[in-house]
Protein chains: 4
Amino acid sequence: MKTTSGNFRIGIIGCGYWGPNLIRNFSSVKGSQVKYICDLDAERLAVVHEQFPACQPTTDYKTLLADPELDAVAIATPVFAHHRLAIDALNAGKHVFIEKPLASSVAEAEEIVALAREKGLVLQVDHTFVYTSAVQKIKELVDSGELGDLLYFDSVRVNLGLFQSDINVIWDLAPHDFSIMDYVFAQKPVAISAQGRAHFGMKFEDIAYVTAYFDTDTIAHFHVNWLSPVKIRQVLLGGSRKMLVWDDMDVSEPVKVYDRGVELGEGKGGLYNALVQYRLGDMHAPRLAAREALRLEAQHFKECVEQGKSPTTDGEMGLRVVKLLEATQKSLENGGQKIPIT
Amino acid sequence: MKTTSGNFRIGIIGCGYWGPNLIRNFSSVKGSQVKYICDLDAERLAVVHEQFPACQPTTDYKTLLADPELDAVAIATPVFAHHRLAIDALNAGKHVFIEKPLASSVAEAEEIVALAREKGLVLQVDHTFVYTSAVQKIKELVDSGELGDLLYFDSVRVNLGLFQSDINVIWDLAPHDFSIMDYVFAQKPVAISAQGRAHFGMKFEDIAYVTAYFDTDTIAHFHVNWLSPVKIRQVLLGGSRKMLVWDDMDVSEPVKVYDRGVELGEGKGGLYNALVQYRLGDMHAPRLAAREALRLEAQHFKECVEQGKSPTTDGEMGLRVVKLLEATQKSLENGGQKIPIT
Amino acid sequence: MKTTSGNFRIGIIGCGYWGPNLIRNFSSVKGSQVKYICDLDAERLAVVHEQFPACQPTTDYKTLLADPELDAVAIATPVFAHHRLAIDALNAGKHVFIEKPLASSVAEAEEIVALAREKGLVLQVDHTFVYTSAVQKIKELVDSGELGDLLYFDSVRVNLGLFQSDINVIWDLAPHDFSIMDYVFAQKPVAISAQGRAHFGMKFEDIAYVTAYFDTDTIAHFHVNWLSPVKIRQVLLGGSRKMLVWDDMDVSEPVKVYDRGVELGEGKGGLYNALVQYRLGDMHAPRLAAREALRLEAQHFKECVEQGKSPTTDGEMGLRVVKLLEATQKSLENGGQKIPIT
Amino acid sequence: MKTTSGNFRIGIIGCGYWGPNLIRNFSSVKGSQVKYICDLDAERLAVVHEQFPACQPTTDYKTLLADPELDAVAIATPVFAHHRLAIDALNAGKHVFIEKPLASSVAEAEEIVALAREKGLVLQVDHTFVYTSAVQKIKELVDSGELGDLLYFDSVRVNLGLFQSDINVIWDLAPHDFSIMDYVFAQKPVAISAQGRAHFGMKFEDIAYVTAYFDTDTIAHFHVNWLSPVKIRQVLLGGSRKMLVWDDMDVSEPVKVYDRGVELGEGKGGLYNALVQYRLGDMHAPRLAAREALRLEAQHFKECVEQGKSPTTDGEMGLRVVKLLEATQKSLENGGQKIPIT
C-alpha cells in the first residue's frame, strides 16, 4: 500500500477515555484524515460521532481493515484486546499506532513486533511522555554528558487514582515511568523486584514499589500509588556530575538541574569519609517549549509511515516495557523475588 | 542509689556532633545538672569544656561510673561503642540515655535491654523525632481513629548527605523512620526486604529502599538517600478514612490531614470499578506547638528516673528498631530477600 | 418579547479571544441556542464559524437586533464599542450579556444601566471570577461572620502580560479584582488613590498600585503588573477573627482559612503592647467544587431572563466597577491624588 | 584614640531583643572584645550578664564613655534614645555602631552624621540585610548590568507581627526594605507617597503601602503588614533585560533570575501592540554562600575603625533611610500626598 504525503488516512479503534484525544490530534495533523471511528459500544460511538461528524462510525473494526484506502489504525481499547486487533491490522497491511502497554504479555508483544517487522509496517506505541518537552530535555542533558554517569533514577507517581477493574496499579501507571527510563537511559535493566499491596479486599494492588537493577551501579526505583491524598509526579535523577529534579506538577519550572554532587578526594590516612565531599553549586531551570506531546507524536507516526522510518517509541521499546511489567508482576506474585530480564 | 527531685546528676559520654546538644538540653532541665563531660579526644573535650565550663571534663568514662553521686549517663559515641559503655554503666548502677541506634546488632541490644530490666534501671533511646510536635500529633490522630485503618506508611528522607565512614545510609537515616513508624503504628512489621546501591567504589550503600510487611494489608516503605540534590522529608500516611501528609520541610504547616479516600459501594452487576469511588473533602492543618523535642526528651528521662517510669522510647523500642535495621542489612546483603522479623 | 423556557436564543457579537468561550458555553446550556455569531472581521468570523457550524455568521450586528426571535445578545468586543452596541441592543428589546468592564466611562455605563432599567431588560456584566468556587466560598465565609470584621483586602495580580494597544494595565486587570471585592464586601469604597508607571516609552501604565479607602478602618490594595517574571494571583483577606489566603495558582488548595489573629487584652499599666497579642491556630482548606465559572454564568443569565431576576453581576455592579476604574485613572493622572467615589 | 589591630574594645548599650545578638557577634570577631554591656533595666542586665560573664555590666552608659580604653559603642536601645546616646558617644570620641533606624527624625539623624564627620569617627548603621548573601548577589547582578535598566522594585514584608507600643509598621519594617533598595539602586527616590490603616482602635498603622518615585521611569513599592496570616518576604525586581525574584522564605533557592522580559520591535503599521513582545527564557538560581550577616557586619565595623574606612551602611545611608521614613510618615498623615525627598 502506497501512502501519498498529504493524504494519510487513519481509523481509530476504541472511543473510550483516550480515543477522542487521538481523533482530535490525528485530525489536526496536516495532511492527515481520521476516516473511521470504531467502538463496540454503539451508544458511546454515537456520542463521539457527534463531536467528530466528519469521521465514519462503525462498531465493526473489520470495516477498517477491509478499506484499501486506509493507511493505518490507532488502537485505544483495553489492553486485553490489543493483541488480536494489532495482529489482524498488520495482517491487513495497516500500520499500527497502539496504546501503552503494547500487550498484556511478553509473548503477545513479541508476536506483534515480529509480525510488524515481517510485514515491513510501522508499529508505534503511544508512550506519550517520551514526546514531552521535559523528557526531550532530560534526554538531551543525559546524552550530552552534562549529568555525568547516571547513579539512580527515582520516580514517584501517586495520586488518588481511579481503581481499575481489570489491572493493578503497575499496569496502569508504571508503563509511563518504564518508557521514560527506557528512553533516557542507554543502559537497560537486567532484573526487577517489586513489593505491593491490595486493600479493601480488592484483587489488584493499589500501591507498589519497583526496583530495577542494572549491570552497573545504577539503580532505578518506582513508586506508583492510587491511594495518595496528594498528586506527586516527581523524578530524581542523580548523576556523577550534576543532578536533576523533574516535578511535573510545577507548571513554571518543571525541570531543575542542580550543579551539586560529591567530589572524591585523594585517599590519605585511610579515612573513608575524608574522600567524599559535598559540592553545592547553582541551579538552572531550562525553558521548555510549550507543545502538545500527543500532537507531535501523531505527526511523528505519519512521518514514519511516509518515510519508512522507525518511530522513537517503536515496537521494540513497547516490548521492553512489557518485559519490565511482566517481570514486576512475577516479582509481586513471588514475594518480591528478584526476576531477571532477558 | 536514691535520686532526689531537683538534684539529678548526669554525665555525657561522647562530645562529637550531638554531644553538645545533650549537654545544653540536660543543663536546661530544671533540677538537672550535667556533672561530667567525657570524650577520648582531649582536644575536642577542651573545646566543649570552654562552652560548658561548669561541667567536669574527663577522658575516662570510668570516672563517671565510679562517682556514687551520679544518677545517669548519656551515651553519644559512635554506635560500635554503645554496647560496652551501656553494659558498664548499667553494671555501675547508672540509668542510661543512649543515642540511636541502641546498638550495632540485635544480640548486643538484647543484652543491654535485659541488663537494664534486671537492674531495674531506666534505659531510654534517643529517638528524638518521637518527641516532636508533628509525631505526637500524628500519633494522636492515628490513636483517635480519625484516619481509620492504616493502609500504608511511605517515607522519603533524602538529601545531599554526609558520607559516613563506618555505616551505610540505612544505619544513618532509617533509625529515624523506623522509630517513628514503631511509635505511630500499634502493629509491628513481620518481615523486611531492601534494595540499595553503593557508588563511587564505596563499600557502603548511599541509597536504599526498604519495604516492611505486616500481618495485615498494611505496607510501609522507606527511601533513604545521601545523593539527592534536594532535601525531602516527607511521610504519606494512608488511612481508610482520612490521609495525612507530613512534610517536615514545611515550616508553617508540616502536618496536613486530608478528608480524602475511597468509598466502597455495594456490589452490583459484577463490575469491579463500580465499587470503588473517590471521596474528596477538606484539608486541615492542625497548629503544632513550637518546642524543642530534645529538651522534652531530656525532661522525660529525668522524670522516668525519678518516678521509676518506663520511657516512651524505651529499650524495647530501641531493640525493635535494631531488629529492623539488622533485617534490612541482611536483605540488602541477600539481593533483596524477604527477611522475617522475629 | 416572550421567552419560553428551553427555547433561549442568543447571538454573540465579537469573536476575538473571548468570544468562542461564550459561544461554547452558551451552546452547552440546556435549552439555550447560539443563533448568531457576529464579527466585523469576515476572516476571523469564518474561522470561528468552522468551529461552530450550527451558528449563523454575520458581519452586521443589526441582523441580530432585527431578528424578533432573538432573546439576547452577548457583547464581547473591545470596550470602546460596548456603549453603542449595548444601547442599540437594549433599544431593540434584547437582553444584554456584556464583557467587563461594562463601558469605558462612568457616563456611558450609567446610560446603559438606566436604559436597561427603563426597558425592563436584563443586563449582566461578565465578571467571571464572581462565579468561581473560590469567590463563592470566600463570600460565604465573609457573610457567615467566620472571618469577623474585615480589616483589609490585599490583591496581587501580576505576570508577564500581553501589552494592550489601547488600555493600560488597570483597565486590563483591575476589573477582576474590583468586581471580586465588590462582591465579597458589603461595604463600598469611598475613595481611591493610585500610583503607576509606563516603561519602554509606552503611553500606558504597565504596572500600577491602587488603594481603596472605606468609611471604616478597612483598607483595600491592588497590585497589577504586566512585567512580572512570575505569575502571582493572590488575595490576602484579614478579618478580626480569622484570616484567609486565596492563591489562585494553587490547584489543590486555593483557599486557606487561618484561625489566626490578634487578641485585645484588658488595659493595665498603660502599656500599649500588652494589649495586643497573637493568636495562632489551625489552618483549614475547604474543598472547592470543580466547575466552569463561565458555564454557570451563562446559565444564570438565561435564568435571569426567563424569571425576570436581577443577575449577581448586574449593571449596578458593572457601574460600580467602572466608577473605581475611572477614579483610579484620574488618580494616576493626578500624581496619586485621592479621588472620592460618588 | 589609637586602635591597635587585635585589640578592639566595644561596649553594647541596650540588652533587649537585639543586644545579645550584638554581644555574641562582636565577641566572636577575632581581635574584638565586648568589654561592657549596659542596660537601664538591672534585672535584664543580670540575665544577659549570666550568658556573657566576661562582659562588665553597668546600668550607666557614661561608664562606657568615660573608659579611655574603649574604642566603640554599639547602640541597641529603642529609637527615641538613639540621638542622645550617639551624640554623647561621638563627643566622647567613641566610634558608633547603631541600630536601624539611625534616629527618629531627619533633624536628629543629620546632627549625628555631621558630628561623626566632624570628629572623624566611624558611624555604622545596622542595616543587617545589606550584608546577607542574597542582597550582595542582587547588588552584583544589578551592577554588572545583567538585569539591564531597573524598571521596578516591589517588596512585600508581611506576617503576624508583634504590635509595637511606640511606632507604626513603617518604622518597624520599612527600614529593611528602604536600606536594601538604597544599596541596590544607584539612583535615589525623589518623592514618596503612602497609604495605611490602624485597626482595633490603635494609634499606629499596622498595614501600609509605600510608593517611591524616581526621576526616571523606575518605580518602587513596599507592602508592610503586621496582620498577615502568612509570612511573606518577597522582592520582585524588574529589569529591561532580566528579572529577579528574591523569596527570603525559600531556604534552598532564595534568589532566582529569569531570562524573561519584553522585546521592543520596530514600529510598522502604527500598531502599538505589535511592538512589544514576550521573551521567555531560562531561570537561574545562583548558589548563595551560607554566612551570618551580622558577624560579617561586626567584622566590617572593626575593619572600618582600624583602617579609617567608611562603612557600607554608613551614616549617609542611615540618613537617607530616615528621610524616606519621615516622608512616608508625612504622606500617611496627609492622606497619601506625594512628599518630595530633598
Side-chain angles (χ1 to χ4, degrees), chain A residues 149 151-152 154 156 158 160 162-166 191 193 195-204 206-207 209 211 213 217-219 221 223 225-230 232 236 238 240 242-245 256-258 260-262 264 271-280 283 335-338, chain B residues 149 151-152 154 156 158 160 162-166 191 193 195-204 206-207 209 211 213 217-219 221 223 225-230 232 236 238 240 242-245 256-258 260-262 264 271-280 283 335-338:
Chain A
D149 297 327
L151 307 175
Y152 68 87
D154 178 87
V156 178
V158 308
L160 210 53
L162 199 57
F163 276 68
Q164 304 285 320
S165 58
D166 53 348
S193 79
Q195 288 76 33
R197 274 289 175 190
H199 294 94
F200 309 117
M202 294 286 148
K203 183 176 155 197
F204 296 112
D206 46 49
I207 178 169
Y209 299 96
T211 307
Y213 299 88
D217 63 7
T218 305
I219 187 170
H221 187 270
H223 173 198
N225 187 339
W226 283 335
L227 284 178
S228 169
V230 289
I232 307 177
L236 303 179
S240 59
K242 289 190 179 176
M243 292 172 178
L244 181 151
V245 178
K256 299 199 174 95
V257 184
Y258 294 85
R260 293 183 190 166
V262 296
L264 302 181
L271 278 175
Y272 222 70
N273 56 354
L275 304 182
V276 185
Q277 305 226 339
Y278 292 99
R279 189 172 46 74
L280 295 172
M283 183 266 273
Q337 204 188 317
K338 197 189 279 190
Chain B
D149 298 327
L151 308 175
Y152 67 88
D154 178 86
V156 178
V158 308
L160 211 52
L162 199 57
F163 275 69
Q164 304 285 320
S165 58
D166 53 348
S193 80
Q195 287 77 34
R197 274 288 177 192
H199 294 95
F200 309 118
M202 294 288 148
K203 182 176 156 197
F204 295 112
D206 45 48
I207 177 169
Y209 299 97
T211 306
Y213 299 88
D217 63 6
T218 305
I219 187 169
H221 187 269
H223 174 198
N225 187 338
W226 282 335
L227 284 177
S228 169
V230 288
I232 307 178
L236 303 180
S240 59
K242 289 190 179 175
M243 293 172 176
L244 180 151
V245 178
K256 298 199 176 95
V257 184
Y258 294 85
R260 292 181 192 167
V262 296
L264 302 181
L271 278 175
Y272 223 69
N273 57 353
L275 306 182
V276 185
Q277 306 227 340
Y278 293 99
R279 189 173 45 77
L280 296 172
M283 183 265 273
Q337 203 188 317
K338 196 189 280 191

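These numbers come from a predicted model, not from an experiment. Atom set for the values below is all heavy atoms of this structure, side chains included, hydrogens, waters and symmetry mates excluded. In the text below, chain A, chain B and the rest are named by the order of the sequence lines, each starting its count at 1.
Only the side chain of N225(B) has a heavy atom closer than 4.5 Å to any heavy atom of chain A. When heavy atoms are compared at a cutoff of 4.5 Å, I207(B) approaches chain A solely by way of its side chain, counted from C-beta outward. Interface residue S228(B): backbone and side-chain heavy atoms are both found under 4.5 Å from chain A. Only the backbone of A198(B) comes within contact range of chain A, with heavy atoms under 4.5 Å apart.
For the pair H223(B)/Y209(A), no side-chain contact is recorded, criterion being any heavy-atom separation below 4.5 Å from C-beta on. Contact annotation: the side chain of H221(A) never approaches that of R197(B) to less than 4.5 Å [non-hydrogen atoms, C-beta and beyond].
Remark: K338(A) pairs with no residue by the salt bridge (Lys or Arg N to Asp or Glu O under 4.0 Å) rule, at least two apart or across chains.
Contact count versus chain A (heavy atoms, under 4.5 Å) is highest, among D149(B), T211(B), L236(B), L151(B), for L151(B). For the options P229(A), G336(A), S240(A), heavy-atom pairs under 4.5 Å to chain B are most numerous at P229(A). When the candidates D154(B), V245(B), V156(B) are compared by the number of heavy-atom contacts under 4.5 Å with chain A, D154(B) comes out ahead. Here H199(B) is the residue among R260(B), Q337(B), H199(B) with the most heavy-atom pairs under 4.5 Å with chain A. The residue among M283(B), M243(B), R279(B), K256(B) with the most heavy atom pairs within less than 4.5 Å of chain A is M243(B).
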